[in-house]
Amino acid sequence: MKLDRLDDFQRTHKNGELRLAHIGETVRLLGWCRKVRNLGSLIFIDLRDRWGVVQLVANEETASKELLARLKAVRGEFVLGAEGMVAQRESKNPNMATGDVEVRLTDLKILNVAATPPIPVEDGDNEANEDLRLKFRFLDLRREKLQRNLRLRSEVTNITRNYFRAHDFIDVETPILGRSTPEGARDYLVPSRVHPGDFFALPQSPQLYKQLLQVAGFERYIQICRCFRDEDLRADRQPEFTQIDIEMSFVRAVDVQTMIEGLMLEVAPLAGQTAQLPFRRLPYKDAMEWYGSDKPDLRCSTRIQDVTSLFAASDFNLFRAAADSQGQRRVRALFFAGEQAGAYSRKQLDALQDVAKHLGGGGLPYAKWGKEGFASSFKKFVDGPQEAALKTALGAEGEGLAIFAVGTDALTSKVLGEVRLRLARAFGQLDESRFEFLWVVDFPLFEWSEENQRFVACHHPFTSPHPDDMEMLETNPGACRAVAYDLVLNGFEVGGGSIRIHDAEVQSRMFRAIGIGEEEARNKFGFLLDALAYGAPPHGGLALGLDRLVMLLAGVDNIREVIAFPKTAQARCLMTDAPNAVDAKQLRELHLQLESPQQYRAGVMFFESVPAELQAPMAALRTLSMNQPTSTSTLVLDGEIVKVETTRIPGPEFE
RNA sequence: GGGGUUGUAGCUCAGUCGGUUAGAGUGCCAGCCUGUCACGCUGGAAGUCGCGGGUUCGAGUCCCGUCAGCCCCGCCA
């Protein structure tokens, strides 16, 4: 049977959009075969395109012999062109958008064949493991779930571009090949062929360019740009990711924030959400004190409380010692109300202890009010009145569970912040159907780096110090606040920005504070210092993490689900096998030498029991066929559809 | 760099205390079937138990190493 050509076959309708109104119309459709249901002399085919699925039908009485033969040759994922008349179904399928109608075939073109997919192409209970999904991403992306996610992503970027255009922003592209700045994340480097020994760096963000565009007088800049950071990955971190990057002149922090709130208002409905304006503002200090996190999830209202003073005269040494420590160490607690909390088991508490220990914390003393009354790991030190006082201090009524942590603020924040999230999730207090936006503001300007034994910039070294803290820049850097703000959504940092330094003198003081000398500053950031000297306007901006934002809008827990071709946690692409070894010639041109002998990996597949003339077309199919050591493959030779039994044998390896 | 976890048929998984020929569902192939839509019925093919080593009379199962996926800590100005 010959493979058909597309010539003179024009699509008239989208599969997923056929309705009762189309009854009687002759239609031409294109798409992939989702499923064949062959009842003998009655055959159904579900035809899928990006708009949905429609049922095709033909039977022995009405269809020509040739058409029936074609129908019987069709297998899953074949590419088809269908011609027929839209008709009402005898019994409709309420699970399909097109369930009222079907297409009675008059003609069917087989435009291409397909090997049996190595992973399920339909959304169902059996989702393949992720390594296979990534290896065969082009098939995985056919699934409705991923099609929906990428369409959502496209909606977000469209809304974003329209929104900022409406607010007078200008889209400017900044270089991908730039200068390496060792401050911050590790750079991805690109060797220069023309300049032996020199390297470009891929941008971690277009930070300096967008500031220079303000000096250049653009006033409002937007770019949806790719950024690169050579650091270890997480569920919400990829080595390359997309940022919605903006910068504005003559603005205060609140002006930038308001602009972003307006965008969130337009984007939230994509997830069926509404954004309440203005968003809450929470100083960094309070976020750490109450939620133990600089990106608190406010869907749960439980706060960390300081109960140190309650134990000033306690017999429980651990707590009293903290009370005696003049604030060096504190006793802090979380209280969760409810029956479920009151019934939290010993085993579950033990698991929680492990979490705390993993974070470098000590044990987690607890107090529990449940069906069996009061229980606590320090019960023998608590009498009746003390228990009552504890309850009052925690604001506890009825049943519930209190978890305590003792130690420095940094440690108890880290531990209780994590415990808070886990218990909130366990007790069903993180409402999945809610969006809680939040600005965390007044971040510290510096943090102490143990590794470098000096202060480093918390955000980046171009962040403006808080005007009230300017005097402390030299005297008490650790206490300086920055005009920096993060946008937090449901416990995820979806954006961060700041008002920048536009005064060359302040910028110099800033560099001095983080131990960058004048010469080094000149050397690394001379262009910026120059720019600040020629009339830089007050300016500031923000960058939104597009991947995380879309992830939250899509309601998935992983940014790989909203990226077409993501990398694995080991920063590899399983589909293309990047990064890969390159020719010695390429390395020579780039003036590079490898430390250890280069490993060349190559393999060639041959197939036994396949006629010689089929070897070449089979080789093209090898990626798919490799999954089945022995299989029947369908392939095309000179436009002819043929089936062959194949047996895989390993090819020679080359050194 | 560190910790945890997973790896058995194309796919998703089960496999007890170390013991006969390693199973199920699904997919695939073949036959039958005129209203299916998770079609049904019958039959069939399909396994380097991730890889390497060790313990043992005997290893999918125990031990060591290693590779890969995922999650977390460090890291991510």
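So you know, we letter chains A, B, ... as the sequences are listed, proteins then strands, and number each from 1.
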Worksheet entry | G-U wobble or Watson-Crick pairing nucleotide for B:A14 (cut-off 3.5 Å, both distances) | none

Worksheet item: Can you check whether A:K357 has a side-chain N or O nearer than 4.0 Å to OP1 or OP2 of B:G3?
Response: no

Worksheet entry | Pairwise P distance, B:C49 and B:A59 [rounded to whole Å] | 13 Å

Fill in: Results of ring pair (Phe, Tyr, Trp, His ring centres under 6.0 Å) for A:F525 - residues two or more places apart only
A:F462, A:F511

Discussion item. Salt bridge (charged side-chain N to carboxylate O under 4.0 Å, His left out), that's the test. Do A:D230 and A:R186 meet it? Break it down for me.
Written reply: CA-CA 5 Å; A:D230 188 6; A:R186 226 172 266 123; 5.2 Å; no

Fill in: Any A:R37 side-chain nitrogen or oxygen under 4.0 Å from OP1 or OP2 of B:C39
yes

Fill in: Closest-nucleotide 5' rank along RNA chain B - winner of A:Q88 and A:V36
A:Q88

Worksheet, complete the sentence: Between CD1 of A:I43 and C1' of B:C32 the distance, given in whole Å, is 14 Å

Practice prompt. Quote, to the nearest angstrom, the C1' distance that separates B:A9 from B:C29.
Written response: 15 Å

Discussion item. If the threshold is 4.0 Å, N to carboxylate O, is there a salt bridge linking A:D350 and A:K347?
Written reply: no

Practice prompt. Check the distance between B:G10's P and A:E122's CD and give it to me in whole angstrom.
Written response: 22 Å

Worksheet item: Looking at residues at least two apart in the chain, or sitting in another chain, which of them share a salt bridge (Lys or Arg N to Asp or Glu O under 4.0 Å) with A:E102?
Response: A:R104

Worksheet item: Between atom CD in A:E60 and atom P in B:C32, what is the gap in whole Å?
Response: 11 Å

Discussion item. Quick one, A:L430 and A:N490 - any side-chain contact, counting heavy atoms below 4.5 Å?
Written reply: no

Worksheet entry | Salt-bridge contact A:R48-A:E77 (side-chain N to carboxylate O under 4.0 Å) | yes

Worksheet entry | Stretch residues 486-495 of chain A: residues that reach within less than 4.0 Å of RNA chain B through a heavy atom | none

Discussion item. For a 4.5 angstrom cut-off between non-hydrogen side-chain atoms, does A:V101 reach A:L20?
Written reply: yes

Worksheet item: How far does the P atom of B:C32 sit from the matching atom of B:G69, given to the nearest Å?
Response: 47 Å

Discussion item. With hydrogens left out and only the distance checked, is there a donor-acceptor pair under 3.5 Å joining A:Q55's side chain and the base of B:U36?
Written reply: yes

Practice prompt. Please report the shortest heavy-atom distance between A:P461 and A:Q507, naming the atom on each side.
Written response: O-NE2, 2.9 Å

Worksheet item: Counting only distance, no hydrogens or angles, is the base of B:G35 paired donor-acceptor with the side chain of A:E102 under 3.5 Å?
Response: yes

Fill in: Partner set under salt bridge (Lys or Arg N to Asp or Glu O under 4.0 Å) for A:R34, not counting sequence neighbours
A:D46, A:E122

Worksheet item: Which whole-number value in Å describes the distance from A:K295 NZ to B:C76 P?
Response: 13 Å

Practice prompt. Let me know the distance between CG of A:N38 and C1' of B:C28, rounded to the nearest Å.
Written response: 15 Å

Discussion item. For the C1' atoms, the ones on B:A68 and on B:A24, what distance do you get once it is rounded to whole angstrom?
Written reply: 26 Å

Item to complete: Check the distance between B:C76's C1' and A:H460's NE2 and give it to me in whole angstrom.
Response: 15 Å

Worksheet entry | Protein proximity profile, nucleotides 68-75 of chain B - base contact B, sugar-phosphate-only contact S, no contact -, cut-off 4.0 Å on heavy atoms | SSSSSBBB

Worksheet item: To the side chain of A:S41, which of B:G27, B:C11, B:U34 is closest?
Response: B:U34

Worksheet item: Does A:K145 come within less than 4.0 Å of A:E127, counting only side-chain N to carboxylate O?
Response: yes

Fill in: Pairing partner of B:U20 (Watson-Crick or G-U wobble, both distances under 3.5 Å)
none

Response to the item:
Whole-Å distance, A:E77 CD to B:G27 P, equals 14 Å

Discussion item. Strictly by Watson-Crick or wobble contacts shorter than 3.5 Å, is anything paired with B:A59, and which nucleotide is it?
Written reply: none

Discussion item. Strictly by Watson-Crick or wobble contacts shorter than 3.5 Å, is anything paired with B:U66, and which nucleotide is it?
Written reply: B:G50

Discussion item. Heavy atoms only, 4.0 Å cut-off, all strands: where does A:L39 land among base, sugar-phosphate and nothing?
Written reply: base

Worksheet item: More 5' along RNA chain B: A:N59 or A:E447, using each one's nearest nucleotide?
Response: A:N59

Item to complete: Look at all strands and tell whether A:P461 reaches a base, only sugar-phosphate, or nothing, counting heavy atoms closer than 4.0 Å.
Response: base

Fill in: Of all pairs that satisfy salt bridge (Lys or Arg N to Asp or Glu O under 4.0 Å), the ones with a partner from residues 414-424 of chain A, not counting sequence neighbours
A:E418-A:R422

Discussion item. Looking at B:C28, which nucleotide sits across from it as a Watson-Crick or G-U wobble partner, both distances under 3.5 angstrom, or is there none?
Written reply: B:G44

Item to complete: Calculate, to the nearest 0.5 Å, the distance between atoms NZ and CG belonging to A:K295 and A:L487 respectively.
Response: 13.5 Å

Practice prompt. Could you tell me which nucleotide pairs with B:C39 by Watson-Crick or G-U wobble geometry, both distances under 3.5 Å, or answer none if nothing does?
Written response: none

Discussion item. Roughly how many Å apart are B:U26 and B:U6, using the P atom of each and rounding to a whole number?
Written reply: 27 Å

Practice prompt. Measure from CG on A:D123 to P on B:C11 and round the result to the nearest Å.
Written response: 19 Å

Worksheet entry | C1'-based separation of B:C71 from B:G65 [nearest Å] | 23 Å

Item to complete: Using the P atoms only, state how far B:U61 lies from B:U8, rounded to an integer number of Å.
Response: 13 Å

Practice prompt. Please state the P separation for the pair B:C17 and B:G27 - nearest whole angstrom.
Written response: 33 Å

